[in-house]
Trainee: 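Here you go, one structure.
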Protein chains: 2
Amino acid sequence: MTMDRRVLVPIERPFVTVDLVILTVRNDRLEVLLVRRPATTGEPYPGLWALPGGFIDVGQDATLEDCARRKLREKTGVESPYLEQLGSYGSASRDPRGWSVTQVYFALIPDEGIALRPGGNADTAAWWSIPEGSTNLGMDLAFDHAALLTAALERLRSKVEYTSLPAFLLPREFTLPELQRAYEIVLGREVEKSAFRRRVLDAEVIRKIPKKTRLTERRPAQLYRLKDEANLKTFARAFGQGKRGG
Amino acid sequence: MTMDRRVLVPIERPFVTVDLVILTVRNDRLEVLLVRRPATTGEPYPGLWALPGGFIDVGQDATLEDCARRKLREKTGVESPYLEQLGSYGSASRDPRGWSVTQVYFALIPDEGIALRPGGNADTAAWWSIPEGSTNLGMDLAFDHAALLTAALERLRSKVEYTSLPAFLLPREFTLPELQRAYEIVLGREVEKSAFRRRVLDAEVIRKIPKKTRLTERRPAQLYRLKDEANLKTFARAFGQGKRGG
DNA sequence: ACTAATAAGTGGCACTATCCCACTCAACAG
DNA sequence: CTGTTGAGTGGGATAGTGCCACTTATTAGT
């Protein structure tokens, strides 16, 4: 950033928040975590559902991402999710209280051991199911949150085409059919089994768990785990890596 | 965003800025626009080069993007660039004056009719050449701007693999060899002519200009123009669009 | 004029990832 | 033992790309 030296402290600062689009796969559906706005008079959008989020605590949060992690932890107890910045949205009109900027993050977490914790202001938190193939919930959300959710879903869908993202929606150990199903749920369309397996296995993003196999109704399936949970990998080829190096 | 109702006006708000990574192709190189920080005492990073940017003017700018466009216009006179949000960077330490958040945009503009205009505070503005294949300038910049520049270059490179972005670095009318060269400059590697042409033409992102042809030293080349300058197109295939729809 | 040089533009074959379909394999139910 | 179901494999058809050789259009030089 660069400061305009004529105005060391600008007369009016926009206020800054962090909002989270927390997604998981539950009940064979993609679901998003929402919180209910307090019904208190004076509050904007009372009683409406909204994305979880809030102010940056300049005393507590060292960085924007820290702030997002803290809020996620407070709401779900999840410590190490897949967390990515979606973008920031700022305007004079998006919040009736004044010029505001929100930094939106989206998190992918597995549906295991999640205990929803009401926030300090006793929010009601709940999972909402996203219709397959849709990029919205078909209902109003507070502020511009419906648009933020749509942006997150579009980003997720487009990244899924060429990354291993859906693995973060599953428990640490999963089978290939489960992973395939996660792709299908996110993409909203069927995926061909044989091509899917080759693609995923050739990309070497997951590794077989030696002797383990899960007992189910039918033939047991091989279990896998993400190779490097920190970095998500990219498949597909693109422009022509060529053979002359680059 | 969601406001914590216990604190309607938080005690301390971070300050918010917008910074720009303005790129063009000049002199057969990718170049970035930088401004020099004032040498005034009390200013952070006096005399160092920085990305152009500054505070949001809550009275003038309706949205973040408006703010970015305004600053670009003020610096270069360019009205309709390719403009994309890169992300936001916020922390307690990135600016010595306090907790700050910057919204970084990157703009691609053609090198035609650009008159660099010194900012209101008489900044010195200049184009800096980025070494081919590099993601930095090899010198210090003010604040965390070196990191922001690197992020912008990485984003540009990765998007170039599957989009028509480099067309925005050229004048409205260009030849295929010129476009190919722009790709090569951005990617930092050579691109095969025949494959490049097929790829670009098949993607139908550019259209032939009927009878025009440019007079050069050798055989004249066909001129093209972007089909839809608003939306950039994506090539490449990805996960399996299949034929069952989706 | 004719020829050489240079860059624009075209065409074809090999390679490879995907699509799609058929097949085998391992467990369970009756 | 047989049928059913879902896991896992294999192969031919298709399509985008890498690579390379070829043709075309123009200028410079003799």
Side-chain angles (χ1 to χ4, degrees), chain A residues 28 160-164 170 173-184 187 189-224 233-246, chain B residues 28 160-164 170 173-184 187 189-224 233-246:
Chain A
D28 207 46
V160 159
E161 299 282 356
Y162 58 96
T163 64
S164 53
L170 299 175
E173 303 184 348
F174 52 83
T175 68
L176 277 183
E178 284 167 354
L179 183 59
Q180 180 181 342
R181 185 64 195 133
Y183 272 86
E184 292 177 340
L187 288 172
R189 69 165 191 266
E190 288 188 352
V191 167
E192 210 283 324
K193 181 172 57 168
S194 176
F196 175 81
R197 296 179 142 259
R198 249 175 311 164
R199 184 190 174 83
V200 171
L201 292 174
D202 290 355
E204 302 195 343
V205 291
I206 61 178
R207 74 161 196 278
K208 201 179 283 192
I209 298 177
K211 55 195 188 306
K212 287 194 190 178
T213 293
R214 179 178 297 171
L215 256 305
T216 49
E217 309 157 350
R218 304 298 171 204
R219 175 178 176 176
Q222 175 64 50
L223 283 171
Y224 292 85
K233 280 261 185 96
T234 297
F235 320 68
R237 52 182 174 170
F239 213 166
Q241 308 306 328
K243 277 167 188 167
R244 326 178 222 176
Chain B
D28 207 45
V160 160
E161 300 280 358
Y162 58 95
T163 64
S164 53
L170 299 176
E173 303 184 349
F174 51 85
T175 69
L176 277 182
E178 284 167 355
L179 183 59
Q180 181 181 342
R181 185 64 195 133
Y183 271 86
E184 291 176 343
L187 289 172
R189 70 166 191 265
E190 287 188 354
V191 167
E192 209 282 324
K193 181 172 57 165
S194 178
F196 175 80
R197 295 177 144 258
R198 252 176 309 170
R199 185 190 173 81
V200 171
L201 292 176
D202 289 355
E204 302 194 343
V205 291
I206 61 179
R207 73 160 196 278
K208 203 180 281 191
I209 298 177
K211 56 197 189 304
K212 286 196 192 176
T213 293
R214 179 177 297 171
L215 256 304
T216 49
E217 309 157 351
R218 303 300 171 200
R219 176 177 176 177
Q222 175 64 50
L223 284 170
Y224 291 85
K233 281 263 184 93
T234 296
F235 318 66
R237 51 181 173 170
F239 214 165
Q241 307 307 326
K243 276 167 190 166
R244 322 178 228 177

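Order of the sequence lines fixes the chain letters, A, B, ..., with proteins taken first and strands second; residue numbering starts at 1 for each chain. Only heavy atoms go into these numbers, but all of them, side chains included; no hydrogens, no water, no symmetry mates.
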Trainee: Hey, what do you get for OH (A:Y183) to CZ (A:R199), rounding to the nearest 0.5 Å?
Mentor: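 Going from the OH atom of A:Y183 to the CZ atom of A:R199 covers 7.5 Å.
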
Trainee: Take atom CZ of A:R181 and atom P of D:dG6, then tell me their distance rounded to the nearest Å.
Mentor: 13 Å

Trainee: Examine the base of C:dA7 for any acceptor or donor lying under 3.5 Å from a partner atom in the side chain of B:R219, and report the outcome as yes or no.
Mentor: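 Side chain to base: no pair below 3.5 Å.
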
Trainee: Using whole Å, what does the distance between atom C1' of nucleotide D:dG6 and atom CD of A:E178 come to?
Mentor: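 Nearest whole value for this atom pair: 13 Å.
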
Trainee: Specify the separation, in whole Å, of atom CG of A:L179 and atom C1' of D:dG8.
Mentor: 15 Å

Trainee: Hey, which of these two, B:D202 or A:Y224, hits DNA chain D nearer its 5' end, going by closest nucleotide?
Mentor: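 Mapping each residue to its closest nucleotide by heavy atoms, the 5'-most match is A:Y224.
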
Trainee: For B:Q180, enumerate each residue passing the side chain to side chain donor-acceptor pair (under 3.5 Å) test, keeping only those at least two apart in sequence or located in another chain.
Mentor: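 Result, side chain to side chain donor-acceptor pair (under 3.5 Å) vs B:Q180: B:E184.
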
Trainee: At what distance, to the nearest 0.5 angstrom, does CZ of B:R181 lie from CD of B:E190?
Mentor: 8.0 Å

Trainee: Would you kindly give the CD-to-C1' distance between A:E190 and C:dC20, to the nearest whole Å?
Mentor: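 Going from A:E190 (CD) to C:dC20 (C1'), I get 13 Å.
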
Trainee: For residues B:P177 and B:R197, determine if any side-chain heavy atom of one lies less than 4.5 Å from a side-chain heavy atom of the other.
Mentor: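 Yes - at least one pair of side-chain heavy atoms lies under 4.5 Å apart.
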
Trainee: Are any of the side-chain heavy atoms of A:V200 and A:Y224 separated by less than 4.5 Å?
Mentor: no

Trainee: Taking the side chain as every heavy atom from C-beta outward, state whether A:E161 and A:L187 have any pair of such atoms under 4.5 Å apart.
Mentor: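 Yes; the side chains approach each other to less than 4.5 Å.
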
Trainee: Using whole Å, what does the distance between atom C1' of nucleotide C:dC20 and atom CZ of A:F196 come to?
Mentor: 17 Å

Trainee: Produce the list of close N/O pairs, under 3.5 Å, pairing protein atoms with atoms of nucleotides 28-30 of chain D; give distances to one decimal.
Mentor:
none

Trainee: Enter the distance from B:F196:CZ to B:L176:CG here, rounded to the nearest 0.5 Å.
Mentor: 6.5 Å

Trainee: N/O contacts under 3.5 Å, protein versus nucleotides 10-14 of chain C?
Mentor:
residue	atom	partner	partner atom	Å
C:dG11	O6	B:S194	OG	2.5

Trainee: Whole angstroms only, please: what is the OH-C1' distance between A:Y183 and C:dT18?
Mentor: 15 Å

Trainee: Specify the separation, in whole Å, of atom CD of B:Q180 and atom P of C:dA7.
Mentor: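 The answer, rounded to whole Å, is 13 Å.
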
